[in-house]
Amino acid sequence: MLTERAAALDAADPLAHVRSRFLLPEGVVYLDGNSLGALPAAVPAVVEDAVHRQWGTDLIRSWNANGWWEAPARTGDAVGRLIGAAPGQVVAGDSTSVQLFNTLLAAARLRPGRRLLLTDPDHFPTDQYIADSVGRLLGLDVRRVPAREAAAVLAAEGADVAVAAYAPVDYRTGELYDMAALTAAAHAAGALAHWDLCHAAGALPVELDAIGADFAVGCGYKYLSGGPGAPAFAYVAARHQDGFDQPLTGWHGHAAPFAMSGTYAPGPGVARARIGTPALLSLLALEAALTAFDGVDMAEVRRKSLSLTGFFQECADSLLDSLGFTPATPRDPARRGSQAALRHPEAYPLVAALTARGVIGDMRAPDLLRFGFNALYVTHADVLRAVEELRDIAVSGAHRAPEFRERPTVT
Ligand SMILES: Cc1ncc(COP(=O)(O)O)c(C=O)c1O
C-alpha cells in the first residue's frame, strides 16, 4: 500500500527530472540536505576549471577576465531569485555567523535609542551568541522571546525594540513561522526584522521584498547545495543600503577599493555589504550549484516538499507506532518547513544504525532524529525506505550494537 503510494507520488512528480542534476551515491537515501546539501552535477567541472584554468593559467588576471570581482554580487543575485529579492540586495561571501554579526549590528545601528533586541530562545546557537555579542557591543538588552510570542511582545513593548531577529524555520523541529506577520509586527512597532534563512533558502518560497523584510542572512551549504563551508549570503533591503553602517569595514566594501585610501568610504548599494576577499573556489562552486534551480518554480518545490514531509509522517504513523517515537514536527502543512523530526530516547544510536544502512539523517541532542527533504533530489520511495529501515532497526534492536554507542564529534 505505502509502496504503491510512493510509486504513484514519484510518477506524478513534476520535479522528478531535477534529481539527475545531483550526483548521489548509489543506494544511499540522503535526508541530511538540511545540513549539507548533496553534490550538484554542475559543480565538479566548474571547480576543475576554476582551479586549473582560472587560477592555474589566468592567475591574477582572473579578477577581471573571469569575473571574480563580480562573483559576490552575481551569486548574491542568483540566491536573491530564490528568496524573493530583486537584484542588487544580496551579496554572497563569508560565513553565516559573520554575516549575522555584520547585518544584526548594522540593523541595530539603524534604530538608535531603542534598548531591546529580540531573539528566539530556540534559535540556532550561533544566532543567540551573536545577538548577545551585538547586545554587549551596543549596550542593548537581548530578550529571548519564542517566535510564536514575539508579535505580542512587539505590540506591548515594541517602542523599545530595535531589532527582532528570528528564523522562519526551527532548525530542530522544522516548525515554520509566519515571516510576513512577524515582519509586520516589528514594523508596526518601528523595529526592524532580521531573518536567518538557513533552513528556508532553497527549501520553500521566501518573499523578502514582498513582506518588507529588512535584513536576512543564510548559508550556502544546506538546501542551496553549495558544498561544505560554502559562502553565506546577506540581504540588505534597498531602502536600508544608504544607511547601512558596515561594521566590518573591509576594503571590498569600499567605494573605490583600488584607490587604496587609508580612510573608509562605503561603496554604492549592496556593494558596501562586501567585506574582504571572498573564498573564490567555494563561491564559484556555490554559483554553479545554484544552476540546479534553473527553471525550477519554488512553488513546485514547496508542493513536493510538503508531499515528502507529509508522506514521512504518514509512513511513521503506520510503521513506527508503539516503538517509542514521538513526532516533533507540526502536522499542519502551513506550519511545517522542509524537514521532519522524531523524538526517541535512543536517537543517536538509531541515527547511527540508519546511516550504516545507507539512510543518512542526523540527530540533535538530546533526543531528536532529524530528516531533511530537499525536493530537488529526494523521492517518496526514499522516504518509505528510510522509515522502513528505521522500523526494522527499532524492532530488531540493531542500534544497540556496540559500534553505535560511541558518538563522534559531529552528530
Ligand atoms: C539557523 C542557522 N544559523 C546559522 C548556522 C550556522 O552558521 P555558520 O554557517 O556560520 O556555521 C546554522 C547551521 O546549521 C543554522 O542552522
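Each residue takes its place number in the sequence, starting with 1. As the structure is a computational prediction, the values presented were derived from the model and not from experiment. Each ligand, and each atom within it, is numbered from 1 in the order the structure gives.
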What do you reckon, are the aromatic ring centroids of [X] and [Y] less than 6.0 Å apart?
X	Y	result
Tyr177	Tyr166	no
His399	Phe404	no
Phe215	Tyr235	no
Trp63	Phe258	no

Practice task
If you have a sec, work out which protein heavy atom is nearest atom 16 (O) of ligand 1 and how many Å separate them, to one decimal?
Solution key: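 Nearest neighbour among protein heavy atoms for atom 16 (O) of ligand 1, to 0.1 Å: His199 NE2, 2.8 Å.
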Practice task
Provide, to 0.1 Å, the distance between atom 14 (O) of ligand 1 and the closest protein heavy atom, together with that atom's residue and name.
Solution key: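 Nearest protein contact, heavy atoms only, for atom 14 (O) of ligand 1 is Lys222 NZ, 2.6 Å.
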Problem - Value rounded to 0.5 Å, distance of CG in Asn102 from CG in Asp94 - result: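 The CG atom of Asn102 sits 8.0 Å away from the CG atom of Asp94.
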Handout entry: Rounded distance (nearest 0.5 Å) linking atom CG of Leu197 with atom CG of Leu204
Key =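 It comes to 9.0 Å.
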Practice task
Could you tell me whether Tyr221 and ligand 1 have an N or O pair separated by under 3.5 Å?
Solution key: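 Yes, there is a polar N/O contact under 3.5 Å.
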Exercise for the section: Could you tell me whether some N/O pair between Asp127 and ligand 1 is separated by less than 3.5 angstrom? Expected result: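 Right, the criterion is met.
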Report the part of [X] in contact with ligand 1, treating N, CA, C, O as backbone and CB onward as side chain, heavy atoms under 4.0 Å; options are side chain, backbone, both, neither.
X	value
His123	neither
Ser97	both
Thr96	both

Problem - For Ser95, atoms of ligand 1 separated by under 4.0 Å from a heavy atom - result: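 Answer for ligand 1: 10 (O).
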Practice task
State the atoms of ligand 1, each with its element, that fall below the 4.0 Å cut-off from a heavy-atom position in Thr126.
Solution key: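 Here the atoms of ligand 1 in question are 4 (C), 7 (O).
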Problem - NZ or CZ of Arg61 within 45° of Trp68 ring axis and under 6.0 Å - result: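 No; the conditions do not both hold, so Arg61 does not lie above the ring face of Trp68.
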Practice task
Could you name the option among Leu100, Asp196, Ile130 that has the heavy atom nearest to atom 1 (C) of ligand 1?
Solution key: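 Nearest option to atom 1 (C) of ligand 1, by heavy atoms: Asp196.
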